[in-house]
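Lettering follows sequence order; numbering is per chain, from 1.
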4 protein chains.
Amino acid sequence: MTMDEEKKARRSIGARRNPASAEAILEAAEAVLAEGGHAGFSIEAVARRARAGKPTIYRWWPSKAALLLDVYQRQKRFAYPDTGTVEEDISAFLSALLANWRDTASGAIFRSVIAEAQSDETAAKALSTYAADRRAQTGKMIERAKARGEVAADADPTTIADLVSSFAWSRLLTGRLDTGEKELKTVARIIAQGMKEQGIKEKGGA
Amino acid sequence: MTMDEEKKARRSIGARRNPASAEAILEAAEAVLAEGGHAGFSIEAVARRARAGKPTIYRWWPSKAALLLDVYQRQKRFAYPDTGTVEEDISAFLSALLANWRDTASGAIFRSVIAEAQSDETAAKALSTYAADRRAQTGKMIERAKARGEVAADADPTTIADLVSSFAWSRLLTGRLDTGEKELKTVARIIAQGMKEQGIKEKGGA
Amino acid sequence: MTMDEEKKARRSIGARRNPASAEAILEAAEAVLAEGGHAGFSIEAVARRARAGKPTIYRWWPSKAALLLDVYQRQKRFAYPDTGTVEEDISAFLSALLANWRDTASGAIFRSVIAEAQSDETAAKALSTYAADRRAQTGKMIERAKARGEVAADADPTTIADLVSSFAWSRLLTGRLDTGEKELKTVARIIAQGMKEQGIKEKGGA
Amino acid sequence: MTMDEEKKARRSIGARRNPASAEAILEAAEAVLAEGGHAGFSIEAVARRARAGKPTIYRWWPSKAALLLDVYQRQKRFAYPDTGTVEEDISAFLSALLANWRDTASGAIFRSVIAEAQSDETAAKALSTYAADRRAQTGKMIERAKARGEVAADADPTTIADLVSSFAWSRLLTGRLDTGEKELKTVARIIAQGMKEQGIKEKGGA
DNA sequence: GGGTAATCGAGACGGTACGTCGTGTCTTTCC
DNA sequence: GGAAAGACACGACGTACCGTCTCGATTACCC
């Protein structure tokens with residue numbers, strides 16, 4: 001079936017987008033990225049692998065960044081942990097995130113998105129939006145903690161979330177995804193500890 | 001002077017590196033980056049602008065990233081603060097770093113370095129070495145705090161330094177260098193607070 | 001017209017070779033060779049002059065020599081003589097060949113081809129193929145003579161053809177294309193005479 | 001001894017040419033040519049192999065061609081055969097010449113000289129002189145035959161010699177030095193036979 | 001139900017940049 | 001002043017992709 005569909009070159013299905021081609025291109029892009037990393041990722045390589053014409057790609061994705069983003073969107077997300085304490089939540093979150101990046105193509109893909117965003121305006125905007133959304137999601141962990149009274153009332157959840165994901169980004173971008181559980185726990189503990197007294201210090205410091 | 005010196009093509013000054021060429025190449029690299037951004041930055045363009053041969057560049061800088069890093073370090077003039085408390089040290093450090101990235105070309109340059117490192121293996125290595133060095137430098141702030149008894153004895157200075165610089169990287173890479181002083185202070189406080197109790201928790205957790 | 005046609009950059013005309021590009025490249029190659037000689041002949045220079053991309057040249061001509069050979073064959077307009085006797089055929093052939101080399105650019109071009117073949121393997125192959133083809137063509141003169149009974153039945157036409165063209169090559173390579181008709185006739189006579197008795201001797205020698 | 005002399009870098013021996021360097025350069029040039037052919041032959045490669053500085057080479061040999069010619073001159077020549085009949089003389093000469101080119105570095109060297117002569121004026125002149133000298137030498141074989149009455153009185157020895165060596169050149173330049181004895185004998189026979197009747201035909205043809 | 005229009009794979013096109021090699025010139029240091 | 005050493009500006013090498021194009025075949029939609 002898959003064979004019948006993909007063995008022979010896909011053809012036009014009339015004056016409209018062929019979903020099979022779109023699918024094949026996204027899959028090929030993911031595979032190319034997983035195998036060769038950002039360095040080996042080129043429209044040519046994707047077209048070759050997808051047995052698609054370059055113009056077909058350019059028709060639907062105006063830039064490398066657009067394709068990259070679409071590929072990243074296809075990646076499925078893992079669930080946010082809810083362990084009962086914010087420290088363990090953070091630790092589990094970091095552990096799951098790094099493992100996901102390490103064990104699937106997501107890591108390579110996200111690295112590419114970030115890299116692309118440094119020179120491509122569209123990618124930058126998309127990444128910015130995406131990151132803000134993630135921070136909001138991650139912030140919910142903090143808000144839960146706040147509701148439990150684990151965290152100072154005036155601590156900003158998104159700033160804390162930012163701190164957590166910054167750490168993960170940094171490990172991704174410098175190829176240190178094999179961070180041990182112990183270090184992750186240390187980081188989680190620092191952040192969790194730091195949040196507690198937040199309010200008191202704020203008053204005193206101002 | 002500059003004219004007289006640079007008008008005619010530089011020549012070899014014997015079997016050793018010509019500092020004038022090195023200087024011209026770094027200057028040209030900076031200029032090319034400033035004008036065309038990361039996208040327009042190529043060894044060819046730098047060579048053209050510096051009136052240098054490509055092999056001269058490749059002789060001294062094995063990769064695009066190595067050159068970029070040199071340009072970055074050449075431009076960055078940056079003093080590590082020593083205020084007396086680790087919280088203020090971190091806050092001042094972040095504030096100065098982000099301001100430096102925001103107000104000079106060095107932010108754009110460092111973004112390029114990071115982007116480059118995502119596709120080029122030698123670039124990754126160069127960045128890795130550089131980042132480790134920076135962590136060690138930043139770690140000294142933490143060690144000073146430790147000596148003063150501000151920090152739990154078994155807190156790892158480089159992990160803390162990593163957390164601090166991760167935050168800065170993340171702001172750089174997502175174009176949020178205009179972070180307000182207040183937020184920086186918050187971040188500094190969280191980390192500083194978190195470090196205090198580190199030891200106790202570690203014992204309990206182990 | 002030529003202006004209108006060539007002023008703007010040629011484009012692809014679909015997934016097939018663009019004859020206009022091929023033509024422009026061959027013309028440019030000829031011009032470059034005429035102006036700079038073998039020393040100044042480079043693929044880069046041809047591409048520049050033809051306003052063609054280097055890959056377009058490499059796509060169709062695997063080596064410098066292949067391009068040179070095409071230029072040579074494009075320019076050489078050359079009819080094999082058929083005078084009725086092999087001696088006069090050879091004499092006329094040599095005379096016409098040397099005159100063609102002397103009076104047009106083709107001599108210089110063919111010199112380049114031979115020179116190129118001494119260092120480039122693919123060039124050597126290209127020349128080898130071409131030379132074998134030429135020997136076969138020239139050999140037809142001998143075969144006609146054989147049919148007329150002018151030549152011993154077991155004389156190998158290609159060996160004879162080789163002897164004839166060797167003489168021409170040697171004159172080309174040592175810049176002695178102004179060989180007088182008389183000497184050419186002498187050479188033709190020796191070879192023609194020598195062929196006659198070939199068979200008898202061969203028997204005796206074996 | 002050779003070790004002691006060559007192991008350590010040669011030094012200047014004062015304000016005059018160091019014969020050891022000249023020798024080392026010529027030997028290196030020969031070796032490079034033998035190993036890599038004309039393609040691998042470069043002043044750089046020779047300098048590397050001879051452990052000599054490039055300027056030292058340029059000081060004494062103004063061009064690649066000059067060095068090449070010097071290398072060729074160093075090759076020792078084989079003796080001209082004198083078998084008693086011109087046909088066997090020619091056959092033996094061709095056989096020895098091709099074997100020499102095939103079995104020693106001479107072949108590669110001479111190919112290079114010829115190639116170089118196609119673009120370098122100096123080399124062209126030197127080759128021209130050398131070839132004329134060789135023709136004169138080879139011509140002596142013919143003159144001996146003439147004295148024995150084997151050859152028509154008015155046959156020009158150098159033209160015949162030219163025909164013979166042309167054949168050899170052609171085989172060298174097209175990489176066909178493994179020509180069998182039989183074919184060489186055929187060629188020798190044709191030329192020898194052709195010379196006999198030379199005079200008679202000349203009269204008739206004129 | 002026949003013409004039009006947009007799609008598809010394919011791959012050539014003019015370009016730019018890659019990283020390497022060789023050129024011939026230069027200068028310094030040592031003899 | 002010769003020689004080793006090696007840096008220098010230059011420019012060609014052959015390859016990889018870029019983004020654009022034109023092609024011929026293939027439907028779906030609209031008159």
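Distance NZ (C/Lys54) to C1' (E/dA17): 10 Å, rounded to an integer number of Å. Atom pair C/Ile43:CD1 and F/dA12:C1' shows a separation of 10 Å (rounding to whole Å applied). Whole-Å rounding puts the B/Ile25 CD1 to F/dA9 P distance at 7 Å. Residue B/Arg10 contributes atom CZ, which lies 22 Å from atom P of F/dG6 at whole-angstrom precision. Atom CH2 in D/Trp60 sits about 18 Å away from atom P in E/dG24, given to the nearest Å. Here the C1' atom of nucleotide E/dA6 and the CZ atom of A/Arg59 are 8 Å apart, to the nearest Å. Taking atom CD1 of B/Ile57 as the reference point, atom P of E/dA17 lies 13 Å away to the nearest angstrom. Here E/dT23 presents its C1' atom at 14 Å from CZ of D/Phe41, a figure rounded to the nearest Å.
For D/Ser42, the side-chain atoms get nearest to E/dG22 when compared with the rest of E/dG22, E/dG9, F/dA5. You'll find that the side chain of B/Ser21 is closest to F/dA9, out of F/dA9, F/dA3, E/dC13. The listed nucleotides are E/dC13, F/dC18, E/dT25; the one nearest the side chain of D/Tyr58 is E/dT25. Out of F/dA12, F/dC18, F/dA3, the shortest distance to the side chain of A/Glu44 is found at F/dC18.
Atoms NZ and OG, from B/Lys54 and B/Ser42 in turn, are 9.0 Å apart once rounded to the nearest 0.5 Å. Atom-to-atom distance recorded for B/Thr122:OG1 and B/Trp61:CH2 is 14.5 Å, nearest 0.5 angstrom.
Salt-bridge check for C/Glu27 with C/Arg74: passed, with a basic side-chain N closer than 4.0 Å to an acidic carboxylate O. Of the charged side-chain nitrogens involved, none lies within less than 4.0 Å of a carboxylate oxygen, so that C/Glu121 and C/Lys125 do not count as a salt-bridged pair. A salt bridge does not link C/Arg10 to C/Glu23: none of the charged nitrogens lies less than 4.0 Å from a carboxylate oxygen.
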Once base and sugar-phosphate atoms are separated, protein heavy atoms under 4.0 Å mark nucleotides 23-31 of chain F, 5' to 3', with B, S and - as S--BBS---
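Two residues, B/Lys64 and D/Pro62, neighbour DNA chain E, and the one matched to the more 5' nucleotide by heavy-atom proximity is B/Lys64. Comparing C/Ser63 and A/Pro55, the nucleotide of DNA chain F nearest to each residue sits closer to the 5' end for C/Ser63. Nucleotides of DNA chain F nearest to C/Arg48 and B/Ala22 differ in position, and the one nearer the 5' end is that of B/Ala22.
Axis orientation changes by 20° from one end of the helix from E/dG1-F/dC31 to E/dC31-F/dG1 to the other, with each end axis drawn from 5 pairs and the value rounded to 10°.
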One pair to check against side chain to side chain contact (heavy atoms under 4.5 Å, CB included): D/Thr174 and C/Ile114. What are the steps and the verdict?
CA-CA 9 Å; D/Thr174 52; C/Ile114 295 174; over 6 Å; no
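Proximity of a side-chain donor or acceptor of B/Gln75 to a complementary backbone N or O of B/Ser106 within less than 3.5 Å is detected. A distance-only check finds no donor-acceptor pair linking the side chain of C/Glu30 to the backbone of C/Val71 [under 3.5 Å].
Looking at A/Ser112 and A/His38, their side chains do bring a donor and an acceptor atom within 3.5 Å of each other.
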